[in-house]
Amino acid sequence: LGARERDFKANVSGVSNQDPLTGGFASLVNPDSIEEIEVVTSGAGVEYGGAQGGFANIVQKQGSNDFEGVANLLFRSSLLDGNRADGTIQGDELQSFKQYQPAIQISGPILRDKLWYRLSHEYHYIDEPINTVGTVGLLTTRRRLNDDLITWQASPRNKLQFQYRSDPQEYGNIGLSSLLAPESAQKRTISGPTYVFTWDAPFSTALLVHSLVSWQDNHFAFLPMTQGA
């Protein structure tokens, strides 16, 4: 309790999801891909090092011999917004906006008892209206969540997994307000994939070797909304 966001650390499929630059999260996770969330409040192991305010372990679905498909859509629009609750913005001053978030996940076998897959994809198109006194601006968010996993039971004692995650994001009109014109606002982009390879090999009833190799390549950029302004 009382810790900052940077003091909380979450592992996603065994890989730290903490961005070393900001201390916040490194990438977003498709909710449909989550099988289990474990919150560690005390007695955390050495794999949770580097945080003070708490730990969490997110286990994702791996696919099985049964086919599974999940799809959903969230939608919001200015067509349902009227003239605002206080009626201060009317007529031509109304700013149209919309938000839709389609998502789909499918999983199943490629070869029964041998090879499985899971594909999770989600897209965010979000407009957030901002009242700037007399008019309305839009804070825009464009985001794609991609999370794909393939699992191979190479032998009764060897299981291999390869996972690819990415969540390219673009935020527009950052800082827009009554004192900051749209041409002076900022645009921020975030991108960078995560590759994860794991190998599980139980050598005996008392010894299990879990090997994991991961590569994260995150990029941040702050740009002007209007070039040359």
Side-chain angles (χ1 to χ4, degrees), residues 5 8-19 24-40 47-48 54-80 97-128 139-154 159-171 189-200 210 212-218:
E5 179 185 1
F8 180 83
K9 181 177 180 180
N11 285 350
V12 179
S13 294
V15 179
S16 172
N17 197 42
Q18 188 174 33
D19 175 38
F25 63 87
S27 61
L28 297 170
V29 181
N30 189 319
D32 292 331
S33 70
I34 297 176
E35 181 175 350
E36 179 182 345
I37 299 179
E38 177 189 10
V39 178
V40 183
E47 68 271 20
Y48 294 102
F55 312 90
N57 184 38
I58 299 177
V59 179
Q60 294 181 285
K61 299 176 181 178
Q62 301 181 16
S64 66
N65 285 332
D66 298 324
F67 175 80
E68 177 184 332
V70 178
N72 57 74
L73 172 66
L74 302 179
F75 177 77
R76 180 174 68 116
S77 171
S78 56
L79 297 175
L80 305 176
F97 63 88
K98 60 184 176 180
Q99 172 182 341
Y100 56 88
Q101 297 179 210
I104 185 172
Q105 174 175 289
I106 57 175
S107 62
I110 300 176
L111 294 174
R112 294 183 63 86
D113 301 323
K114 285 290 185 180
L115 195 62
W116 305 274
Y117 70 93
R118 174 184 55 78
L119 308 176
S120 303
H121 295 271
E122 186 172 350
Y123 179 69
H124 296 176
Y125 184 106
I126 304 174
D127 294 335
E128 298 181 47
L139 174 63
T140 62
T141 300
R142 306 292 183 262
R143 181 188 300 134
R144 299 192 306 273
L145 306 184
N146 308 307
D147 194 325
D148 300 328
L149 173 71
I150 187 168
T151 303
W152 178 32
Q153 189 70 46
K159 183 175 73 172
L160 308 176
Q161 283 187 340
F162 177 76
Q163 183 177 16
Y164 167 80
R165 290 203 309 265
S166 69
D167 61 339
Q169 307 169 50
E170 180 179 296
Y171 301 90
T189 62
I190 304 174
S191 62
T194 298
Y195 305 94
V196 184
F197 175 78
T198 60
W199 175 25
D200 292 325
H210 175 72
L212 185 148
V213 178
S214 175
W215 172 262
Q216 294 175 313
D217 188 15
N218 294 330

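Just so you know, these numbers come straight off a predicted model, no measurement behind them.
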Under 3.5 Å side-chain donor-acceptor pair for [X] and [Y]:
X	Y	answer
Ser27	Asp167	no
Ser120	Arg118	yes
Gln163	Gln60	yes
Asn218	Gln216	no
Tyr171	Arg142	no
Asn30	Asn146	no

Residues that Glu170 engages under salt bridge (Lys or Arg N to Asp or Glu O under 4.0 Å), provided they are two or more places apart: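 In terms of salt bridge (Lys or Arg N to Asp or Glu O under 4.0 Å), with neighbours along the sequence ignored, Glu170 is linked to no residue.
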
Note, [X] side chain near [Y] side chain (heavy atom, < 4.5 Å):
X	Y	value
Leu160	Thr198	no
Pro193	Arg165	no
Ile104	Val70	no

Between Tyr123 and Tyr100, what is the ring plane arrangement, given parallel below 30°, perpendicular above 60°, and tilted in between?
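Tilted: the ring planes of Tyr123 and Tyr100 meet at 30° to 60°.
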
query: What pairs meet the salt bridge (charged side-chain N to carboxylate O under 4.0 Å, His left out) rule with one or both residues in residues 103-117, with sequence neighbours excluded?
result: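 Output for this query is empty, none listed.
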
